[in-house]
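Since the structure is predicted, the reported quantities are computational estimates derived from the model, not experimental observations. Values reported hereafter were calculated over all heavy atoms of this structure, with side chains retained and with hydrogens, waters and symmetry mates removed.
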Amino acid sequence: MTTREPSNLVMGKDKLLMDGKYLSTLREANELLDDAEALRERMAEDGYLLIRGLHDPDKVREARRVVLENLQANEQIDPDYPLDLGVAAPGKRGAFFGGAKQVTHTDEFLAVVNSPEIMGFFERFLGGPVLTFDYKWLRAVGPGDNTGAHYDMVYMGRGTPNLYTVWTPLDDVTYDMGPLVILAGSHQFEAVKETYGQMDVDRDHVTGHFTNEPIEMVDQYGGQWQTSEFRMGDVIVLGMYTMHGSINNTSNRFRISTDTRYQLASEPVDHRWVGENPVAHYAWTEGKTVSMEEMRKKWKV
């Protein structure tokens, strides 16, 4: 794993200088793990918590193996390299396993995302019994790809607003593989929260990503993009109004990661994501989809 920070990274359309105005390193929260109130205060301040080693790396490695074997069976892995490297076959750009229970509901995968460690963390953090969505988001982000900046609220906002995403890399992720990047302070952008943050992709038929131009976001609203390299076992916890995306994957490998959601069991749940066979997004891409560019002009954001 790289120990030297790169001089710059690419996110979407922009090149960002590390430790410059627009990009710096994520702040770790491990020293707060025994103090739930301090964790809540840090979340309120930054909009995220970076926790190193929350998951058992051996369990993460087993979950990763399941994903790699599925990619291999679908001829997405380059056979000229060891399977464990996850090198993409020529022309293969990525895969989304959301709702693919043959992968996301294996014992190996659930041993990570439904583990006593993660459920226990949220019981302490939220102060009561918790549940996790049955639907699990899992991605293999291929060479050349990235995820545009967005709020999770627009995809899963029909239940409690006190819902949290956990981003878990199923690999050691170096900068060139396209790690998660967070716009620290974006959970306090009231103009964005009151417009884009009120959107529902199934109801409004609007493309979900807010921007692929991270410099524009900082210049217009403030904050700073933050990222890091990751080891198996690390997680990032973020709220529904924390703007996040990913650095462009400039490697030849798949960046494999999962997003899972947690909340108090006593609070309302977005019905799209729970049950034996969650309905998931049922109308988002049906009919005409309105572009985010058009909506931002309407919202004046």
Side-chain angles (χ1 to χ4, degrees), residues 1-3 5 23-64 108-133 136-139 141 147 151-152 162-175 177-187 223-247 255-264:
M1 209 171 150
T2 303
T3 57
E5 291 185 349
L23 182 67
S24 67
T25 304
L26 289 160
R27 178 159 62 150
E28 297 181 13
N30 285 69
E31 75 278 5
L32 308 178
L33 282 177
D34 294 329
D35 188 339
E37 182 58 33
L39 287 169
R40 290 189 284 268
E41 290 174 358
R42 177 68 66 82
M43 177 65 76
E45 180 180 355
D46 290 349
Y48 72 87
L49 300 170
L50 167 59
I51 303 172
R52 303 289 189 184
L54 182 66
H55 293 305
D56 181 340
D58 289 335
K59 291 181 179 179
V60 175
R61 193 171 289 107
E62 283 301 298
R64 171 178 168 76
E108 294 88 346
F109 188 82
L110 293 178
V112 175
V113 299
N114 288 6
S115 70
E117 290 82 5
I118 194 68
M119 300 303 284
F121 168 82
F122 276 103
E123 286 180 0
R124 295 188 300 274
F125 180 64
L126 295 177
V130 297
L131 61 80
T132 180
F133 285 176
K136 311 297 185 185
W137 289 254
L138 173 63
R139 292 178 178 83
V141 179
T147 300
Y151 283 161
D152 282 347
N162 299 313
L163 176 69
Y164 291 88
T165 290
V166 174
W167 182 81
T168 302
L170 300 186
D171 196 359
D172 293 342
V173 176
T174 50
Y175 286 117
M177 292 171 67
L180 191 77
V181 61
I182 284 174
L183 183 52
S186 55
H187 60 304
Q224 186 185 54
W225 294 99
Q226 296 178 357
T227 191
S228 175
E229 294 186 310
F230 299 88
R231 290 192 180 278
M232 282 187 277
D234 296 345
V235 303
I236 295 182
V237 182
L238 59 149
M240 291 294 102
Y241 291 108
T242 299
M243 191 76 68
H244 61 286
S246 74
I247 298 297
R255 190 265 284 159
I256 302 172
S257 62
T258 179
D259 305 290
T260 47
R261 274 78 196 194
Y262 306 82
Q263 65 168 79
L264 284 171

Do the rings of F122 and F125 sit parallel, tilted or perpendicular, given the 30° and 60° boundaries?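 Perpendicular: the ring planes of F122 and F125 meet at over 60°.
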Could you tell me the separation between the [atom1] atom of [X] and the [atom2] atom of [Y], rounded to the nearest 0.5 Å?
X    : Y    : atom1 : atom2 : value
R261 : L131 : CZ    : CG    : 13.5 Å
I182 : I236 : CD1   : CD1   : 4.0 Å
L183 : D46  : CG    : CG    : 11.5 Å
D259 : K136 : CG    : NZ    : 11.5 Å
D234 : D171 : CG    : CG    : 11.5 Å
D172 : R255 : CG    : CZ    : 14.0 Å

Ring pair (Phe, Tyr, Trp, His ring centres under 6.0 Å) filter on H244, not counting sequence neighbours, yields H150
Main chain of [Y], side chain of [X]: is a donor-acceptor contact present, judged purely on distance under 3.5 Å?
X    : Y    : answer
T227 : L180 : yes
E229 : Y175 : yes
D152 : M240 : no
D35  : E37  : yes

is_close_aromatic(W167, F230), centroid dist under 6.0 Å: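 For W167 and F230, the ring centres are under 6.0 Å apart.
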task = Test H187 against Y151 for side chain to side chain contact (heavy atoms under 4.5 Å, CB included), laying out the working first.
result = CA-CA 9 Å; H187 60 304; Y151 283 161; over 6 Å; no
So side chain to side chain donor-acceptor pair (under 3.5 Å) across residues 115-127, not counting sequence neighbours, yields S115-E117
Please report the shortest heavy-atom distance between [X] and [Y], naming the atom on each side.
X    : Y    : value
T242 : G47  : OG1-O, 2.6 Å
V112 : A63  : CG2-CB, 4.1 Å
M232 : L170 : CG-C, 4.1 Å
T147 : S246 : N-OG, 2.8 Å
S257 : P169 : CB-CA, 4.0 Å
M43  : V237 : CE-O, 3.6 Å

inquiry  = Let's go through S228 and R52 carefully: what are the C-alpha distance in whole Å and the side-chain angles of both, what is the deciding distance for side-chain hydrogen bond (donor to acceptor under 3.5 Å, both in side chains) to 0.1 Å, and is it a yes or a no?
reply    = CA-CA 11 Å; S228 175; R52 303 289 189 184; 2.8 Å; yes
Can we say E62 and K59 salt-bridge, meaning some charged N sits less than 4.0 Å from an Asp/Glu carboxylate O? no
How far apart are the C-alpha atoms of F121 and V166, what are their side-chain angles, what is the distance that settles it, and do they pass the side chain to side chain contact (heavy atoms under 4.5 Å, CB included) test? CA-CA 11 Å; F121 168 82; V166 174; over 6 Å; no
Just so I know, are the side chains of [X] and [Y] near enough to count as touching, which here means a heavy-atom distance under 4.5 Å?
X    : Y    : value
E41  : L32  : no
T165 : W137 : no
V173 : I256 : no
R27  : L50  : no
N162 : L264 : no

Given the rule in the side chain to side chain contact (heavy atoms under 4.5 Å, CB included) test, do I118 and V113 qualify, once you have shown the distances and angles that lead to the verdict? CA-CA 7 Å; I118 194 68; V113 299; 5.9 Å; no
Margin query: The test is side chain to side chain contact (heavy atoms under 4.5 Å, CB included); show your working for F109 and T258 and say whether it passes.
Written below: CA-CA 10 Å; F109 188 82; T258 179; 3.3 Å; yes
T168: which residues meet the side chain to side chain donor-acceptor pair (under 3.5 Å) condition with it, sequence neighbours left out?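 Here the qualifying residues are H55.
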